[in-house]
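What follows is a short report on a single structure.
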Amino acid sequence: AKFVPKKQVSLVEIRRSASVLSQFPIQDGTEANVLVIYVGGTIGMKKVDGVYIPVRDYMGEVIRTLPMLYDAEYAKEIGLDKEELNSFVLPISKGRRVFFYLKEYETLKDSSNVNVNDWLEMVENIRENYRLYDGFVIIHGTDTMAYTASALSFALENLGKPVILTGSQVPLSELRSDGRDNFLGAVYIAGHYVIPEVTLYFNNKLYRGNRCVKISSESFRAFDSPNLAPLLTMAVDITVNWSSIFRMNTLAAFRVNTNMTRNVGLLRLFPSITAETVRAFLQPPMEGIVLQTYGAGNCPDDRRDIIAEIQTAADRGMIILNCTQCSSGGVSASYQTGKVLLDAGVIPGSDITPEAALSKLSYILGQPNFSLEEKRRQLKRNLRGEISVSTATGRTFTFEDSEFIRAVVDTLRIGSSKEVQAVSETLFPPLLCAAARNGDLNAIKYMQETGANLTGHDYDGRTALHLAASEGHTEVVRFLLENGCSIYARDRFGNTPFMDSIRNRKLDTIEIIKQCGGHLINESPFELAVLLCSAAATNDVTGLQAYHMAGVDMMCTDYSGNTALHVAAINNQLEAIQYLLESHVIPANKPNGE
Ligand code: ASN
């Protein structure tokens with residue numbers, strides 16, 4: 001009976017039903033099953049009336065004639081040679097048989113016609129068949145393959161199996177086709193290697209899908225990945241660049257996320273562009289745009305009209321992601337002409353390709369639970385290996401970089417050995433302090449989930465609360481207080497978080513710590529008087545307020561016997577005088593009666 005292909009199709013079952021031998025199929029390392037999803041493209045086209053068009057039920061027929069793609073003898077032996085099964089088997093290689101099922105789409109497409117719905121169909125096919133196969137190959141036209149690869153890379157979350165796109169410049173059936181090698185390579189890799197990413201295989205190289213751009217309509221080298229070396233190279237030997245392969249760093253299972261906003265666009269700057277064009281482009285329903293700028297992310301800083309349009313749109317909540325017009329390299333923060341965009345609210349996109357930038361925007365803007373701030377934060381993050389993080393921030397890693405903190409925490413999360421735990425205990429306190437200093441509550445929560453002790457201190461005895469209090473990050477201060485951090489912890493210099501908030505004039509923080517019972521402990525009255533008087537001398541009203549709130553005696557006198565009001569008066573600091581009088585500080589006579 002003819003096998004009726006459903007959306008979910010199990011090659012194992014097909015093989016079992018076809019097999020004349022009861023022990024088939026065997027489930028060990030000597031076999032692999034690959035689902036080949038055939039969307040369209042030149043690879044399966046035929047010339048009809050002088051033009052190439054995709055033709056249904058033709059690819060399988062061609063494959064059956066190609067010994068490198070189909071071991072006819074073995075297929076016959078195991079009953080897999082019936083056309084209607086759409087199932088194939090490669091010749092044995094490195095001790096392994098790779099079987100594949102060819103799932104041909106109802107309407108085969110030139111990839112110029114591939115749209116969001118097709119992406120969703122591919123995603124759905126992978127989701128439905130995820131557990132049934134070791135890997136997936138998508139046969140696709142080259143024209144928009146880089147867009148599809150990027151979109152799939154975001155839609156497939158926590159991917160644990162290979163998804164490889166390929167196609168060709170010359171149809172499989174023609175004498176000089178590059179399709180045979182591409183097809184074979186993709187299926188071979190999907191069946192032999194666990195490279196758990198959406199990749200693109202072309203001309204003997206496997207690239208990360210969201211790093212690719214189509215660079216030629218003629219050459220067999222149709223794709224390049226300008227900012228990331230190939231993940232795998234096929235030559236006499238197959239070389240896998242294992243250290244570059246993007247790995248999951250969560251325990252989450254594979255899932256798909258198909259909420260993708262379509263209201264995104266690509267705007268390329270050019271010297272004679274008008275402000276009207278920019279304004280028109282940034283109108284609703286547009287929600288996000290990729291701005292392709294010059295060189296390292298530059299825009300003319302003397303074109304105030306354009307910058308004003310960009311700024312207005314960003315203020316309105318439009319998300320603008322900066323990527324370069326250059327074919328390699330990325331956006332950096334080294335020029336004034338780039339800084340104007342940053343100041344206007346444009347997000348630096350590092351070395352992301354325009355194809356990946358559009359997909360990332362669609363994906364992030366489509367997440368209903370993300371606030372605007374979260375969307376902006378996610379766009380700066382390296383989600384699927386689509387950007388180089390050090391270029392995104394325009395510098396190498398530092399403790400100010402929350403991406404770095406996350407990267408380290410992720411590494412610590414993976415390990416569970418005693419050694420890793422010991423390293424974690426040492427590394428968490430400075431990482432927590434760095435995150436507290438940056439006001440990065442998410443990073444702190446992330447570390448807490450990983451088991452970090454929030455009360456730990458760094459080499460200077462400073463706790464995360466010291467840092468958050470110094471910077472006045474009230475949300476972080478609150479969180480740390482609610483999670484057991486002590487307001488009485490003293491650092492190497494004897495300071496408490498309370499004292500830090502006072503010194504740095506963080507009034508809101510002083511208030512919060514006071515609510516928790518914060519008070520000055522053993523600070524010397526004389527030192528406090530000097531601090532108070534110097535605030536008065538410099539008309540530092542916020543400083544006076546801070547000391548006042550902290551409960552410093554406003555009548556205390558410095559080494560000359562002056563009160564703060566005396567000092568303010570001597571220095572003619574009107575605002576300080578006013579504050580001290582209004583806050584009911586009554587001038588004291590100097591002890592000598594002056
Ligand atoms: N126009 C074709 C496509 O993208 C080009 C190709 O596959 N080489 O479908």
Side-chain angles (χ1 to χ4, degrees), residues 36-63 66 69 100 102-123 125-126 136-153 155 163-187 189-190 198-226 230 234 266 327 353-356 358-359:
V36 176
I37 300 172
Y38 173 28
V39 178
T42 298
I43 187 165
M45 289 190 189
K46 226 182 192 176
K47 222 175 211 165
V48 178
D49 298 333
V51 287
Y52 282 121
I53 52 163
V55 185
R56 286 215 70 203
D57 298 324
Y58 175 57
M59 167 88 79
E61 198 183 297
V62 177
I63 292 172
L66 300 170
L69 296 182
F100 61 96
L102 184 68
K103 183 175 174 52
E104 182 168 299
Y105 274 14
E106 215 50 50
T107 313
L108 294 171
K109 290 191 169 186
D110 184 300
S111 73
S112 301
N113 293 323
V114 168
N115 59 39
V116 187
N117 292 334
D118 299 308
W119 295 345
L120 299 184
E121 191 172 346
M122 292 174 225
V123 168
N125 286 161
I126 292 170
F136 300 85
V137 167
I138 297 180
I139 304 294
H140 194 290
T142 56
D143 288 349
T144 64
M145 196 186 288
Y147 289 93
T148 301
S150 294
L152 296 191
S153 79
V163 174
I164 308 176
L165 285 97
T166 195
S168 74
Q169 296 284 54
V170 176
L172 201 54
S173 56
E174 292 192 9
L175 186 63
R176 290 188 52 253
S177 174
D178 54 332
R180 291 185 286 270
D181 276 347
N182 290 345
F183 195 111
L184 172 63
V187 175
I189 296 165
V198 175
T199 51
L200 188 155
Y201 182 75
F202 224 87
N203 196 36
N204 298 317
K205 293 198 167 62
L206 183 78
Y207 303 105
R208 177 168 300 149
N210 57 31
R211 290 292 197 149
C212 287
V213 281
K214 184 169 179 184
I215 53 163
S216 172
S217 59
E218 294 172 345
S219 166
F220 285 160
R221 188 176 165 244
F223 290 92
D224 193 17
S225 161
M234 288 259 192
L266 179 67
S327 51
T353 63
E355 289 88 336
L358 284 165
S359 306

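Order of listing sets the numbers, starting from 1, for every ligand and every atom in it.
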*Work out whether the distance between some heavy atom of S168 and some atom of ligand 1 is less than 4.0 Å.*
yes
*Which residue holds the protein heavy atom closest to atom 4 (O) of ligand 1, what is that atom called, and what is the gap in Å?*
S111 OG, 2.5 Å
*Heavy atom of the protein closest to atom 8 (N) of ligand 1 (residue, atom name, distance)*: T142 OG1, 2.7 Å
Locate the shortest heavy-atom distance separating [X] from [Y]; write the atom from each residue and the value.
X    : Y    : answer
R180 : L175 : NH2-O, 2.6 Å
D143 : K214 : OD1-NZ, 2.7 Å
Y201 : M234 : OH-CG, 3.1 Å

For the 3.5 Å polar cut-off, considering only N or O atoms, please tell me whether [X] and ligand 1 meet it.
X    : value
D110 : yes
D143 : yes
Q169 : yes

*asked:* Which option wins on minimum heavy-atom distance to atom 6 (C) of ligand 1: T42, D178, I139, I43?
replied: T42
Find out whether [X] and [Y] are in side-chain contact, i.e. whether some heavy atom of one side chain is under 4.5 Å from a heavy atom of the other.
X    : Y    : value
V213 : P226 : yes
F220 : V170 : yes
V114 : M122 : yes

_Which of the numbered atoms in ligand 1 are under 4.0 angstrom from any heavy atom belonging to G141?_
3 (C), 4 (O), 7 (O), 9 (O)
